[in-house]
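Just so we're on the same page: letters track the sequence lines, and every chain starts at 1. Side-chain atoms are counted along with the backbone in the values below, which use heavy atoms only and exclude waters and symmetry mates.
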2 protein chains.
Amino acid sequence: MAEISASPLHIVRTQSLASLVAGELERMILSGELPPGSRLNEQALAARLGVSRGPVREAVRGLDRSGLVVTVVNQGSFVRQLSVEEALDVFDLRAALIGYACERLAGRATKEELEELSRLVREMDVAAEADAAAQYFALNITFHNTLMSMGGSQRAVRFYGDLGKELTLIRRKGLVAPERMRESNGEHMAILRGLLAGDAQAARAAGEAHIRGGKQRFLALPLDNGAAPATAPRRRQQPA
Amino acid sequence: MAEISASPLHIVRTQSLASLVAGELERMILSGELPPGSRLNEQALAARLGVSRGPVREAVRGLDRSGLVVTVVNQGSFVRQLSVEEALDVFDLRAALIGYACERLAGRATKEELEELSRLVREMDVAAEADAAAQYFALNITFHNTLMSMGGSQRAVRFYGDLGKELTLIRRKGLVAPERMRESNGEHMAILRGLLAGDAQAARAAGEAHIRGGKQRFLALPLDNGAAPATAPRRRQQPA
DNA sequence: GGCAGGAGTTCTGTTGACAGTTTTCATTTC
DNA sequence: GAAATGAAAACTGTCAACAGAACTCCTGCC
């Protein structure tokens, strides 16, 4: 049961084990290896990762704070199950944050920053035309993170990122049609136009409109209702 | 050194020690008992609170996530020192969040919710006329939190609260003039008008304007540059 | 057949102890 | 007198073990 060898946890000592465990757990959650509702057994995780329960506990609490995990006293921690309503709230919040970043960036973006954003939009255009959904998806995340980094504060970047990770808890079946990619990238271009023109209000409005568009595209997707494999006899699932 | 008795930590067992310790540490930080830059010695805190290092460690990491504390590997955790620039960023973020909450609330506030907000504004009006700064301050926080709870999502409420706590790290010398209180409450009334009219855009604009006003009032205050008492020979301070 | 009750197991919450790193401080050297 | 050196102290990171709560599953009862 204890798969210690292949883990990267035994190499680095320059950062704490807890942060490494946190990264690994986050990867497992975002990849779907630990699906929403599944339990995070401290002992089992510790054994699996070849560390003791201390760092695992610390990592799990961190994920709780960032919103990926829900903890109940004396019962344990579970991968968060995001309802559609909560997901819509997340979109609204992200819209507010993107708007904030766009507004701030419009007044102070450097030539280099604008060029980088333009480049990303062009690359997304290529990906959309080639129907390369995975590549578009990755570029899209990069674009958003770059935008937030340039326009937002450190805190805003992290919060926005946390919210984005939350969405992967429900976004599962996101097979995107090329038409949707073009639509999405069109909104990116609108943001870029606002930034290039130095029009803070236009950039903000475009940013918010883009997230609202994403919200609509999300709603249009068929909901992936688990179909839990249930191979292992998991004992406890998340309550409520 | 070990003041165990008066602490409320020994009574409750229905929630984890770590959460109780976190609450106590937060209180100590917000009250200024642990000023920015000061070190959080795990051993000393554990002894002082009558628990072991585990829960203390967990609590400190939680505070790190929420922004009140900064942790350096192998060096420890320190109460965060907020620069003026960071504080201004926080105001901007809070403006975006309040705007988001006001916009959402305008469309769906119930009669009871509007009445509660109106009541708070009236009470603040009384406090401002009576020059009761402490009471105004408390009511103001309640108003903001109520507004966020009604209009925002769970996540937004917590994030907004975290940002507010961060501001106390620098806001220290906030002796408020009655004139400022009236000004601030006038902005509250503008928000209320927007909500009562069901005008989402007006409510949002008023919410953002209020936080911008708070930002200006913050900038107008004299900065309280520590004047660290340095009674005890504290060993280490926060680097950088 | 379904349901209440209780022993056994599992797992979390907490503690105390050990190892390694960082800091402190006295001593030496220039 | 100031900088370098090295030993001692302090503290963090990690681990292993214990106590108590929660869950599971079996047994007995209706």
Side-chain angles (χ1 to χ4, degrees), chain A residues 1-2 4 7 9-25 34 37-64 69-79 232-240, chain B residues 1-2 4 7 9-25 34 37-64 69-79 232-240:
Chain A
M1 182 64 83
I4 304 175
S7 136
L9 296 179
H10 287 266
I11 306 167
V12 193
R13 285 278 158 176
T14 171
Q15 49 183 320
S16 81
L17 274 186
S19 66
L20 294 168
V21 172
E24 180 66 5
L25 287 181
L34 289 172
S38 62
R39 184 204 181 102
L40 298 179
N41 185 317
E42 291 181 3
Q43 294 187 147
L45 288 172
R48 190 178 188 289
L49 297 173
V51 300
S52 75
R53 275 179 56 214
V56 171
R57 210 179 149 79
E58 207 168 290
V60 170
R61 294 315 158 98
L63 294 178
D64 186 316
V69 158
V70 172
T71 300
V72 182
V73 181
N74 277 327
Q75 288 191 17
S77 300
F78 306 83
V79 178
R234 298 196 219 89
R235 306 201 320 146
R236 294 184 269 195
Q237 290 288 106
Q238 180 178 5
Chain B
M1 182 65 83
I4 303 175
S7 134
L9 295 180
H10 288 267
I11 306 166
V12 193
R13 285 279 158 174
T14 171
Q15 49 184 319
S16 81
L17 273 187
S19 67
L20 293 168
V21 171
E24 179 67 5
L25 287 181
L34 289 172
S38 63
R39 184 206 181 104
L40 298 179
N41 184 319
E42 291 180 3
Q43 293 187 147
L45 289 172
R48 190 178 188 289
L49 298 173
V51 299
S52 74
R53 274 179 57 215
V56 171
R57 211 179 147 78
E58 206 169 292
V60 170
R61 294 316 158 97
L63 293 178
D64 185 317
V69 158
V70 172
T71 300
V72 182
V73 181
N74 276 327
Q75 288 190 15
S77 300
F78 306 84
V79 178
R234 297 195 219 90
R235 306 201 319 146
R236 294 183 267 196
Q237 291 288 105
Q238 180 178 6

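Residues satisfying the side chain to side chain contact (heavy atoms under 4.5 Å, CB included) test with B/Ala22, not counting sequence neighbours, are B/Ala59. Among residues two or more places apart in sequence or in another chain, the side-chain hydrogen bond (donor to acceptor under 3.5 Å, both in side chains) test is passed with A/Ser52 by none.
For the pair A/Arg57 CZ and C/dT15 P, the interatomic distance rounds to 11 Å; values are reported in whole Å. Distance B/Gln15 CD to C/dT14 C1': 15 Å, rounded to the nearest Å. Distance A/Glu42 CD to D/dC18 C1': 15 Å, rounded to the nearest Å. When the C1' atom of D/dA16 is taken as reference, atom CG of A/Leu17 falls 15 Å away, rounded to whole Å. Atom CG of A/Leu45 and atom P of C/dT12 are 9 Å apart (whole Å). What separates CG of B/Leu20 from P of C/dG13 is a distance of 13 Å, to the nearest Å. What separates CG of B/Asn41 from P of C/dT23 is a distance of 14 Å, to the nearest Å. Per the geometry, CD belonging to A/Glu58 stands 11 Å off P belonging to D/dC15, to the nearest Å.
Separation of atoms OG (B/Ser16) and CZ (A/Arg61) is listed at 6.5 Å; rounding is to 0.5 Å. In this structure, A/Leu45 CG and A/Leu34 CG are separated by 7.0 Å, a value rounded to the nearest 0.5 Å.
When each of D/dT12, C/dT12, D/dA16 is scored by its nearest atom to the side-chain atoms of A/Gln43, the top-ranked nucleotide is C/dT12. In the set D/dA16, C/dT14, D/dG13, the nucleotide with an atom closest to the side chain of B/Ser52 is C/dT14. In this structure, of C/dC11, D/dT14, C/dG13, it is D/dT14 that holds the atom nearest to the side chain of B/Arg53. Of all nucleotides listed (C/dT15, C/dG13, D/dC11), C/dT15 comes nearest to the side chain of B/Pro55.
Counting non-hydrogen atoms under 4.0 angstrom, A/Gly76 reaches the backbone sugars and phosphates but no base. Within the nucleic acid shown, B/Leu40 comes within 4.0 Å of sugar-phosphate atoms alone, with no base atom in reach, counting heavy atoms only.
Side-chain nitrogen and oxygen atoms of A/Arg61 include at least one within less than 4.0 Å of the OP1 or OP2 phosphate oxygen of C/dG13. Within the structure, every side-chain polar atom (N or O) of B/Gln75 is placed at least 4.0 Å from both OP1 and OP2 of C/dT22. Phosphate proximity of D/dC23 to A/Asn74: absent, as no side-chain N or O sits under 4.0 Å from OP1 or OP2. The shortest distance between the side-chain N/O atoms of A/Arg39 and the OP1/OP2 oxygens of C/dT12 is below 4.0 Å.
Here the closest non-hydrogen pair linking A/Arg39 and A/Gln75 is NH2-O, 3.1 Å.
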